[in-house]
Amino acid sequence: MKRSIKNLHTKKFSLISAFSVLFLLAGCGDEMNKLTVDELLSEADGQYAQQNYDDAIRFLESYELRFPVHVHVPESVYKRAMSYYLSGKYAQAVAVFEVFLDRYPMHDKKVAAHKYMFYCFYNQVTRYDRDYSLLEKAIEYGNVYKGLVYDDKEFNQAYSNLQKFMVYYYLHTIHSSLSRSPKYWIQALWNSHIMIMQHPKHLATGEAYYRIIEFLCAQNSH
């Protein structure tokens, strides 16, 4: 009986705590809804400058929801993506960067968005034998940014570091292409060619040569 009473008190306390949290959150939302455009943007900028990225995101989201056609919305979307990126929430950053690039393809932050899209995927690549989808995206956005900017030393170093993963990525695509129907073998041939041209001195390049010879011999046997 005592245990039941204790459990009842515990549940009652939990419900009170839950309602208290909801009340506080609702109060915060009401206060935020009273802020003007300038106040929302000022608060967002202040939180961002202090690296309080979660709070910056809250103010930016409120601003974008309440004033969706305001002149500074594109910059807000970009800063919200950067807030996610800088707080290490790469999946959320990618989603918001994609929205930014889709809605504002001519914005002057477009080039920077491609750069940070590259880093969102690059920062998650840890193993060449399992992170192929991340690697593909890093290569995709890295190539776009590389074609737009030529003198970014930090990016060039990161892209260079990615090369060691790219060798094994090409080997993976070669193997997967050869294990499928013959119509995919040309993809294996092409990836072998890229690997040999880009990484001629890598130890694994010998296997790419072997795959090309294997492919050509298979064609001659028909």
Side-chain angles (χ1 to χ4, degrees), residues 10-11 13-127 130-131 133-142 144-145 149 152 154-155 157-159 161-162:
T10 302
K11 290 179 180 178
F13 178 77
S14 298
L15 286 172
I16 292 172
S17 300
F19 281 121
S20 299
V21 171
L22 288 173
F23 177 78
L24 289 172
L25 289 174
C28 290
D30 290 340
E31 289 300 316
M32 192 174 291
N33 287 334
K34 295 176 183 178
L35 298 178
T36 65
V37 170
D38 291 339
E39 288 171 336
L40 281 170
L41 292 176
S42 178
E43 286 289 343
D45 288 341
Q47 298 296 335
Y48 186 88
Q50 295 175 41
Q51 300 180 10
N52 299 325
Y53 299 119
D54 288 343
D55 290 329
I57 289 167
R58 287 195 306 109
F59 284 107
L60 292 169
E61 284 179 337
S62 178
Y63 161 67
E64 291 167 30
L65 286 171
R66 290 177 57 200
F67 308 99
V69 295
H70 194 262
V71 65
H72 294 304
V73 167
E75 289 78 9
S76 175
V77 176
Y78 178 81
K79 183 168 283 188
R80 186 156 56 89
M82 285 299 300
S83 296
Y84 280 122
Y85 170 77
L86 291 170
S87 57
K89 298 175 181 176
Y90 298 123
Q92 293 94 322
V94 165
V96 181
F97 274 129
E98 285 178 341
V99 169
F100 175 80
L101 290 169
D102 181 61
R103 290 183 184 173
Y104 315 108
M106 304 305 292
H107 197 276
D108 60 3
K109 293 288 188 182
K110 178 187 73 173
V111 175
H114 280 290
K115 173 182 178 177
Y116 289 108
M117 283 288 272
F118 162 79
Y119 278 115
C120 281
F121 294 107
Y122 170 79
N123 290 342
Q124 297 181 80
V125 176
T126 56
R127 286 178 53 178
R130 70 176 184 190
D131 297 335
S133 60
L134 295 172
L135 186 56
E136 285 176 341
K137 284 295 185 180
I139 294 169
E140 176 186 341
Y141 284 100
V144 172
Y145 182 71
V149 177
D152 188 331
E154 182 181 357
F155 165 80
Q157 182 60 52
Y159 195 83
N161 292 339
L162 200 65

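Just so you know, these numbers come straight off a predicted model, no measurement behind them.
A cation-pi arrangement is present between Lys79 and Tyr48, with the terminal nitrogen or guanidinium carbon under 6.0 Å from the aromatic centre and inside a 45° cone about the axis.
Within a 6.0 Å radius of NZ in Lys115, other residues, nucleotides and ligands contribute more than 12 heavy atoms.
Side-chain contact between Val73 and Tyr63 is present, with heavy atoms from C-beta onward closer than 4.5 Å. For the pair His107/Glu75, a side-chain contact is recorded, criterion being any heavy-atom separation below 4.5 Å from C-beta on. Under the 4.5 Å side-chain criterion, counting only non-hydrogen atoms from C-beta, His114 is not in contact with Val149. Within the 4.5 Å cutoff, the side chain of Lys89 has no heavy atoms near those of the Val96 side chain. Counting heavy atoms from C-beta on, the side chains of Phe59 and Met32 come closer than 4.5 Å. At least one side-chain heavy atom of Arg66 sits less than 4.5 Å from a side-chain heavy atom of Leu40.
No side-chain donor-acceptor contact under 3.5 Å links Asp102 to the backbone of Glu98. The backbone N or O of Arg58 lies less than 3.5 Å from no partner atom in the side chain of Ser62, so there is not a single donor-acceptor pair. Judged by distance alone, the side chain of Arg103 and the main-chain N or O of Pro74 form no donor-acceptor pair under 3.5 Å.
Separating the CD atom in Glu43 from the OG1 atom in Thr36 is a distance of 10.0 Å, to the nearest 0.5 Å. For the atom pair Asn52 CG and Ser87 OG, the distance stands at 11.0 Å (nearest 0.5 Å). Rounded to the nearest 0.5 Å, atoms CD (Gln124) and OH (Tyr90) are 7.5 Å apart.
Taking Glu61 as the reference, nothing meets the salt bridge (Lys or Arg N to Asp or Glu O under 4.0 Å) condition, with sequence neighbours excluded. Tyr84 pairs by the ring-ring contact (aromatic ring centres under 6.0 Å, His included) definition with nothing, not counting sequence neighbours. Qualifying salt bridge (Lys or Arg N to Asp or Glu O under 4.0 Å) partners for Glu64, counting only residues two or more places apart in sequence or in other chains: Arg80.
Here the two rings, on Tyr145 and Tyr141, have centers that are 6.0 Å apart or farther. Two rings, from Tyr116 and Tyr85, have their centers less than 6.0 Å apart.
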